[in-house]
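These notes are about the structure you will find just below.
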Amino acid sequence: MLAILGGSGLTSLSNLASIRQEVVRTPYGEPSGALTFGNLAGKPVVFLARHGYGHTIPPHRVNYRANLWALHHVGACGVISVASVGSIRADLKPGDLVLPDQITDYTWGRPSTYFDDENTPVTHIDFTHPYDETLRSAMVEAARLAAVELKIGGVYAATQGPRLESAAEINRLERDGADLVGMTGMPEAALARELKLPYAAINVVANYGAGRADSLHGIHFSTLEPILQEALGRVRSILERLVESYKPSA
Ligand code: HPA
């Protein structure tokens, strides 16, 4: 069973044929909400809205440890993060779907490891390739089958939020090699790796980064909603093909 973690403007993926909801308690506190078990293209999936079903949990307050722990606990064999991003690269336009392949983490102060109690041996997970390659390849194939354009590769910069960036910060992220900017990709990806849970992200470009293109003078989130809703239909088509074919590597 694959898990889908939905982000801002993307929670309506929970309209999958929903069978039941389950509240999972974790050693790390409460997840963002009850897990929704449902079917996508006739296959079982579990869905969680990262910001809560009422969209009330800001990125720096999401209990990433509880969310990933809960999905692992109910037997998810992989996690797809669906998250909106700002674009730093001119050729990634609002509405585009991107499959990132790298991450740079600028977040701070978020509980970001399961290996932090005194009785656990010091553990350094490998994070050279932060996203699971098998899951990424399956996503590329699913997009091909769904005839949906998916831009492959990109460096995702995880910023702290909840405010958007300044134009100078976007310039700095670009100098650092980032293509996309979002607020929730970390520590989520690292925690999934700690749990040995295959994890990949599909990013929906909501806007150009601050100071770029039509965000030259500001970013107005209210105008982004129709873009996200339309893109969500394409994300869903990819996910339907993905759940039909995905087999986690042993
Ligand atoms: N910056 C950070 N996170 C985002 C953005 C952005 O411009 N757009 C959507 N999520």
Side-chain angles (χ1 to χ4, degrees), residues 4-13 32 48-52 54-62 64 67 79-110 112 130-131 150-151 153-190 199-236:
I4 301 164
L5 259 169
S8 293
L10 304 165
T11 45
S12 53
L13 262 183
S32 298
L48 179 59
R50 188 185 280 115
H51 299 288
H55 204 264
T56 52
I57 311 172
H60 62 293
R61 285 187 168 277
V62 170
Y64 297 95
N67 286 353
V79 177
I80 303 293
S81 154
V82 182
S84 65
V85 292
S87 163
I88 300 174
R89 223 168 72 193
D91 64 315
L92 299 177
K93 311 175 297 302
D96 282 354
L97 306 184
V98 188
L99 185 70
D101 60 359
Q102 278 296 335
I103 298 179
T104 303
D105 186 12
Y106 300 87
T107 67
W108 49 270
R110 303 181 181 189
S112 57
Y131 300 107
L150 178 63
K151 300 205 165 162
V155 177
Y156 174 103
T159 55
Q160 177 70 357
R163 66 166 177 82
L164 292 157
E165 298 72 36
S166 69
E169 285 170 332
I170 292 293
N171 291 340
R172 172 198 176 203
L173 294 177
E174 180 172 53
R175 289 194 299 276
D176 281 0
D179 303 303
L180 304 163
V181 55
M183 300 175 189
T184 55
M186 286 295 284
E188 204 170 81
Y199 176 97
I202 180 161
N203 288 143
V204 182
V205 177
N207 56 283
Y208 284 107
R212 302 285 167 105
D214 59 6
S215 301
L216 185 62
H217 300 296
I219 298 172
H220 304 288
F221 257 68
S222 55
T223 61
L224 310 181
E225 189 60 22
I227 296 174
L228 291 177
Q229 286 316 312
E230 184 280 329
L232 200 56
R234 284 178 284 133
V235 170
R236 195 187 165 111

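In what follows, residues are counted from 1 in the order of the sequence shown. Counting starts at 1 for both ligands and their atoms, following the listed order.
Taking all heavy atoms of Val181, Val205, Asn203 into account, the minimum distance to atom 4 (C) of ligand 1 is reached by Val181. Heavy-atom proximity to atom 1 (N) of ligand 1, evaluated over Gln160, Arg163, Glu165, is greatest for Glu165.
There is a side-chain donor-acceptor pair under 3.5 Å between Ser32 and Asn67. The closest side-chain donor-acceptor pair between Tyr156 and Gln102, if any, does not fall under 3.5 angstrom.
In terms of polar-atom proximity, defined here as any N/O pair under 3.5 Å, Thr159 makes no such contact with ligand 1. Checked against a 3.5 angstrom limit, the closest N/O atoms of Asn207 and ligand 1 fall inside it. Geometrically, ligand 1 and Leu164 share no nitrogen or oxygen pair separated by less than 3.5 Å.
Below 4.0 Å from some heavy atom of Met183 lie the following atoms of ligand 1, by number and element: 2 (C), 3 (N).
Here the side chain of Asp101 pairs a donor or acceptor atom with the backbone of Gly154 at under 3.5 angstrom. Arg110 contributes a side-chain N or O that, together with a main-chain N or O of Met186, makes up a donor-acceptor pair within less than 3.5 Å.
From the protein, the heavy atom lying nearest to atom 5 (C) of ligand 1 is Gly86 N, 3.4 Å. In terms of protein heavy-atom proximity, atom 10 (N) of ligand 1 is closest to Ser84 O, 3.5 Å.
Contact check on Glu174 versus Arg212 returns a salt bridge, with a Lys/Arg side-chain nitrogen under 4.0 Å from an Asp/Glu carboxylate oxygen. Looking at Arg172 and Glu165, no side-chain N of the basic residue comes within less than 4.0 Å of a carboxylate O on the acidic one, giving no salt bridge.
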